[in-house]
2 protein chains.
Amino acid sequence: MGTQPSTDRGRLTRQRIVAAAAEVVAEKGALGASLDEVGARAPASRSQLYHYFDDKNDLLLAVAEATNDTVLDGQQDLFDHLGTWDGLVRWSDALVAFLEERGGKGGCPIANLLGQLGERDDAIRAVLASGFDRWEADIRAGLAAMVSSGELRPDADVAWLASSTLASVQGGLVLSQARRDPLALRRALDGALELIASYRPI
Amino acid sequence: MGTQPSTDRGRLTRQRIVAAAAEVVAEKGALGASLDEVGARAPASRSQLYHYFDDKNDLLLAVAEATNDTVLDGQQDLFDHLGTWDGLVRWSDALVAFLEERGGKGGCPIANLLGQLGERDDAIRAVLASGFDRWEADIRAGLAAMVSSGELRPDADVAWLASSTLASVQGGLVLSQARRDPLALRRALDGALELIASYRPI
DNA sequence: TACTTACTGGACTACACAGTCCACTCATGA
DNA sequence: TCATGAGTGGACTGTGTAGTCCAGTAAGTA
């Protein structure tokens, strides 16, 4: 769990280390990221790292939490408008546009961490799962709002649709990452949208 | 690219090394898999490894190819019947059953390798992408057969549906891996199936 | 000023790992 | 029987890395 810093300076240092670690992990992978490089980037000395974190795993756990926040906070504005059909379309367009910017590279940071650490460390897996849970809950809330407002029929199973939509996003990102081409994400999202659209009133 | 062994004994040794490496990689991850452990598992000595492969990366490339084959050959019987609605349903049930057996652990081996190595080595990324391509082509062939036989309407865009369906599979596997629960895969597949079903003749 | 606690710097250790090296085996063929 | 060369065994090297250690500093308190 690492030490809880009791001063502001400490808190900032800890935060700086996590941010640097997240960058290095994104570039080199979780196992390829060395503490030396994290320290150099932060910048922070060896003993600062071990002052704020028990060991590398503990640091990676903090990185996982920070990754959840980065991914979800980055979409917050879009999540806020998921309660209308137009908002849903804008969200999907934004995801594709985001991937296009990066040339198909990278995929979803949460999924990447999961693939690298999920089977090795159960605490980290649980953290990343909670990230997906929050993401899915935001989608579900949007769909539920559309049911309430009558944009979707009451028989729409929002839990199922939200789960299936997030799966389309994740799968689309995986395929696009493999092919360095956002087309797969576009198609996956179009599939998810068309499924949701089939629950619009006639 | 490593040496092409000219004897049967050599070929078998090479194959044994790849199989052992694939096991170790599945357990410890691509970077966590040490050549010592691969050698111990094969069994094969240090110099055998470097006789058949240029370096660790070259070995991992062979593992990626073998992983493609394992995943796709394992589904071949199911792929062969993807040309009917019943076959499609059986395929999706088999995927969920397979994941249930493993308690939600593991996810898709191709996607796992991609997450670990895709951004680090472009040759490996390309190999894994070709695995997804083959997978998607098999689904597309099945859907096309359903269009031909009249089980799907002619206006069904099979390229889009195949891509979107594979994305649902991959995304469902990611979410299920995170949650250690096959429900997400079940929901994702139900979404994909319902989308396809919407193109059945009325 | 003296004392205490929180925090910091960076040298140091132990080790695991990729990759090298060379002597050896053993089948094949003259 | 010897020569050849593909294939093999495993000790060895250098390096990068996680984790330890302790002396030092800054800031707060008596």
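These figures come from a predicted structure and were not determined experimentally. Every chain is numbered from 1, with letters handed out A, B, ... down the list of sequences.
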- Which of A:V25, A:L31, A:L113 passes side-chain contact (heavy atoms from CB on, under 4.5 Å) with A:L60? It is A:V25

- Task: Check the distance between C:dA18's P and B:D58's CG and give it to me in whole angstrom.
- Result: 14 Å

- Task: Mind calculating the distance between CG (B:L35) and P (C:dT20) to the nearest angstrom?
- Result: 11 Å

- Task: Output the single nucleotide from D:dT20, D:dG10, C:dA18 whose closest atom is nearest the side chain of B:Y50.
- Result: C:dA18

- Salt bridge between A:D133 and A:R140, side-chain N to carboxylate O under 4.0 Å? no

- Measure from CG on B:D36 to C1' on D:dG10 and round the result to the nearest Å. 11 Å

- Nucleotide C:dC7, atom P - distance to CG of A:L49 in whole Å: 15 Å

- If you check every side-chain atom of A:D55, which of D:dG9, C:dT8, D:dG19 has the closest atom? D:dG19

- Is A:K28 paired with A:E23 through a side-chain N to carboxylate O contact shorter than 4.0 Å? no

- Taking NZ from A:K28 and P from D:dG16, how many angstroms apart are they, rounded to a whole number? 12 Å

- Does a nitrogen or oxygen in the side chain of A:S47 sit under 4.0 Å from OP1 or OP2 of D:dT20? no

- Query: Does any N or O donor sit under 3.5 Å from an N or O acceptor when you compare the side chain of A:R46 with the base of D:dG19?
  - Reply: yes

- Query: What is the distance, rounded to the nearest whole Å, between atom CG of A:L31 and atom C1' of D:dG16?
  - Reply: 14 Å

- Query: Would one find more than 12 heavy atoms of other residues, nucleotides or ligands at under 6.0 Å from atom CZ of A:R102?
  - Reply: no

- Phosphate oxygens OP1/OP2 of D:dG7: is one of them under 4.0 Å from a side-chain N or O of B:T13? no

- Item | base_contact_polar (D:dG16 base, A:S34 side chain, donor-acceptor, <3.5 Å) | no

- Task: Ignoring backbone atoms, test whether B:Q48 places a side-chain nitrogen or oxygen under 4.0 Å from the OP1 or OP2 oxygen of D:dG9.
- Result: yes

- Between C:dA18 (P) and B:D54 (CG): distance, integer Å: 15 Å

- Query: Over how many whole Å does the gap from A:K56 atom NZ to D:dG16 atom C1' extend?
  - Reply: 11 Å

- Among D:dG7, C:dT8, C:dG19, the one nearest A:Y52 by side-chain distance: C:dT8

- Query: So do the side chains of B:L185 and B:Q177 get within less than 4.5 Å of each other, counting heavy atoms only?
  - Reply: no

